[in-house]
Amino acid sequence: MRRLLVDVVDYPEPGIIFKDITPLLGDPAGFAEVVESLAVAGVESAGEVDVVVGMEARGFILAAPIALHLGVGFVPVRKAGKLPRETHAVSYDLEYGAATLEVHRDAIAPGQRVLLVDDVLATGGTVAATRELVERCGGVVAGVAVLLELSFLPGRAQVADLPVVALDVV
Ligand code: AMP
């Protein structure tokens, strides 16, 4: 996986090392292995889940095949204004400015156990906001699964009470 994740220095702004997953996505054997490994590791740490939630946009690419692998539904969490029916919305702070994420109100039934999937866990703001959306629906976040954790940022601390699995940590 390390060979297929490419560091892009100073993108999208100076000081950021962007982890580009597109070479991994273009490698069918690597992509398949990552999907399977993340699905297995996710339920090993979170327990059985009813739903996999992916965050726009790179979370979708991983969460959808993981949901299929686990035989459960996929729910997209989208940026503001993209979902056509009634939503819950949560706003949170980014390094610069703010963002709003939304989920369809009926996408997760009360009591359903949910695995959150994204490519990179950085500051943890995205995961924490998504957790709030799941809980507003009445769901329970059972765990978080990411390809890569940036351990020099406080992502894990934002969801310290949840199991978090990462295939790699830098
Ligand atoms: P955060 O909310 O800070 O944990 O950021 C997580 C979101 O931002 C994820 O959806 C990632 O796709 C993206 N992200 C943050 N930092 C990076 C990075 N260094 N490389 C690639 N994606 C990143």
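In listed order, ligands and their atoms are each counted from 1. FYI, side chains are in, hydrogens and waters are out, and symmetry mates aren't considered; it's all heavy atoms of this structure. On a predicted model such as this, the values are computed, not experimentally measured, just so you know.
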Quick one: does Gly155 get within less than 4.0 Å of ligand 1, heavy atoms only? no
Would you say the side chain of Asp20 lies within less than 4.5 Å of the side chain of Leu5, judging by non-hydrogen atoms? no
Tell me which one of Val140, Val77, Leu116 satisfies side chain to side chain contact (heavy atoms under 4.5 Å, CB included) with Val134. Leu116
Listed partners of Ile16 passing side-chain contact (heavy atoms from CB on, under 4.5 Å), at least two apart: Pro12, Glu13, Glu95
State the atoms of ligand 1, each with its element, that fall below the 4.0 Å cut-off from a heavy-atom position in Lys19. 18 (C), 20 (N), 21 (C)
Check Lys82 with Glu56, please: is the shortest side-chain N to carboxylate O separation under 4.0 Å? no
Atom 5 (O) of ligand 1: which protein heavy atom is closest, and how many Å away? Ala122 CB, 3.6 Å
Please list, in number order, the atoms of ligand 1 under 4.0 Å from a heavy atom of Asp119. 9 (C), 10 (O), 11 (C), 12 (O)
Under 3.5 Å between any N/O of Val120 and any N/O of ligand 1: does that happen in this structure? no
Atom indices of ligand 1, in the order listed, that fall short of 4.0 Å to a heavy atom of Thr126: 1 (P), 2 (O), 5 (O), 6 (C), 7 (C)
State plainly whether the residues Lys19 and Asp119 are in salt-bridge range, i.e. N to O under 4.0 Å. no
Can you pull out the closest protein heavy atom to atom 19 (N) of ligand 1? Residue, atom name and distance to 0.1 Å, please. Ile17 O, 2.9 Å
Please state which part of Thr123 comes within less than 4.0 Å of ligand 1, counting heavy atoms only: side chain, backbone, both or neither. both
Does the protein place any heavy atom closer than 4.0 Å to atom 8 (O) of ligand 1? no
Look at atom 4 (O) of ligand 1 and say which protein heavy atom is nearest, naming residue and atom and giving the distance to 0.1 Å. Gly124 N, 2.8 Å
Quick check: does any side chain N or O of Thr100 sit under 3.5 Å from a backbone N or O of Ala80, one acting as donor and the other as acceptor? no
What I want to find out is whether Asp161 reaches Arg131 closely enough, with some N-O distance under 4.0 Å, to be called a salt bridge. yes
Should you measure from each heavy atom of Leu150, which atoms of ligand 1 turn up under 4.0 Å away? 19 (N)
Go through the structure and list residues passing ring pair (Phe, Tyr, Trp, His ring centres under 6.0 Å) with Tyr92, not counting sequence neighbours. none
Test item, Arg58 contacting ligand 1 (heavy atom, 4.0 angstrom): yes
Can you list the atoms of ligand 1 that are under 4.0 Å from a heavy atom of Asp118? 9 (C), 10 (O)
Examine Leu121 against ligand 1 and note whether any of their N/O atoms are separated by less than 3.5 Å. no
Salt bridge check, Asp168 against Arg2: does any charged N sit closer than 4.0 Å to a carboxylate O? yes
